[in-house]
Protein chains: 2
Amino acid sequence: MVAGPLPAPSGPGKDRLRLWIRLLRASRTIEAELRERLKKEFDTTLPRFDVMAALYRVPEGMLMSDLSRFLLVSNGNVTGIVDRLVSEGLVARARRNGDRRTSMVRLTDEGTKSFATIAAAHEGWIGELLGKVSEEDARRLTGMLTSFRSNWEGRE
Amino acid sequence: MVAGPLPAPSGPGKDRLRLWIRLLRASRTIEAELRERLKKEFDTTLPRFDVMAALYRVPEGMLMSDLSRFLLVSNGNVTGIVDRLVSEGLVARARRNGDRRTSMVRLTDEGTKSFATIAAAHEGWIGELLGKVSEEDARRLTGMLTSFRSNWEGRE
DNA sequence: ATATAAAACTTTAAGCTTGAAATATCTTGA
DNA sequence: TCAAGATATTTCAAGCTTAAAGTTTTATAT
């Protein structure tokens, strides 16, 4: 995945391969830095942060399946992370009257407060880590990645 | 991390935050697809592929520490993955005369042959998954990400 | 009604990942 | 020389991740 630049391959398709490698290395580098800071400064993890960020947008809560779909991870994965967040009092599960298979998952008041603090720091970190990318480049890149993604989603 | 587009936040720094979210979602989407195909078609995993890709570039082999640095993962992580590749006969460890703490890790002949096959398929998949990105955009994006990364690396 | 399928979620086994501690080896300086 | 520190790697515990199998509940088609 993170194949090296050494032989500098060329030919058809190589530009896209190179793009993918850069994309992956960039996101892994940033992810690693964020993970470390979340651990050191807030004693939490990236997956917990992801779940809380998803829930923060929707005060009334989300279904487990919506959560896993949104986060692009498996169902079982979310179960474990939510379990831990519940045991820490940051997230609550609420059985629903209508469909007893499902449960609404939402941030507790403590979870909401906690996330707001962490998210503010997180936004600052991103600004710092991507500081060298101009605002204009950021918007251009975002646009390219968005159109890529919507194209891609069409195929599944 | 994968915070949602719903409230459509704005303000200083929001463009970079949005860029980061797009970047992460794009790489996770592609990664998930690659993982699935590697499993289904070659019964292997992304981490194994990553290690083999790194070693493929360097026939004489790499030290464990170089490998983990190159792949942006921890030392202990690489140990486990290499252990499994060794037990599958795809990778070999060779103790060195000079420094007996270290060992050179390299692909076996079988590993080299196996990787070449998988890498060809992999390149095709990337071409397919990124097919909607024009070659020109691919080069532009790559350039932006490269300069980002070299800027970033300067700070550590 | 009631079997059958579908859906939502959890559990499980295997593997990946990290950070920290442990081990072994090498290097350096008194 | 040899103790102290540095380096390379492995081990360990905890948590993350997936795919597949299992459980409970709901929907559908006789």
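Note that these values count all heavy atoms, side chains included, but never hydrogens, waters or copies made by symmetry. Chain letters run A, B, ... following the sequence lines, proteins first, then strands; residues in each count from 1.
Distances shorter than 4.0 Å separate some side-chain N or O of A:Arg93 from OP1 or OP2 on C:dT10.
If you run side chain to side chain contact (heavy atoms under 4.5 Å, CB included) between B:Leu85 and each of B:Leu107, B:Val91, B:Thr108, only B:Val91 comes through.
Within the nucleic acid shown, A:Arg69 has no heavy atom closer than 4.0 Å to any nucleic acid atom. Across all strands, B:Ser65 comes closer than 4.0 Å only to sugar-phosphate atoms, never to a base (heavy-atom distances).
Atom pair B:Arg95:CZ and D:dT9:C1' shows a separation of 8 Å (rounding to whole Å applied). Distance B:Leu85 CG to C:dG15 P: 12 Å, rounded to the nearest Å.
Here the nucleotide nearest the side chain of A:Arg101, chosen from C:dA7, D:dT18, C:dT25, is C:dA7.
B:Phe115 pairs by the ring-ring contact (aromatic ring centres under 6.0 Å, His included) definition with B:Phe49, B:Tyr56, not counting sequence neighbours.
Listed for the A:Arg25 side chain is no donor-acceptor partner under 3.5 Å among the backbone atoms of A:Arg22. Looking at B:Ser27, its side chain does come within 3.5 Å of a backbone N or O of B:Leu23 through a donor-acceptor pair. A donor-acceptor pair under 3.5 Å is formed between the side chain of B:Arg16 and the backbone N or O of A:Val133.
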Side-chain polar contacts of residues 38-45 of chain B - donor-acceptor pairs under 3.5 angstrom, sequence neighbours left out - could you list them?
| unit_1 | atom_1 | unit_2 | atom_2 | d |
| --- | --- | --- | --- | --- |
| B:Thr45 | OG1 | B:Arg48 | N | 3.3 |

Would you tabulate the nitrogen or oxygen pairs shorter than 3.5 Å linking the protein to nucleotides 11-14 of chain C?
none

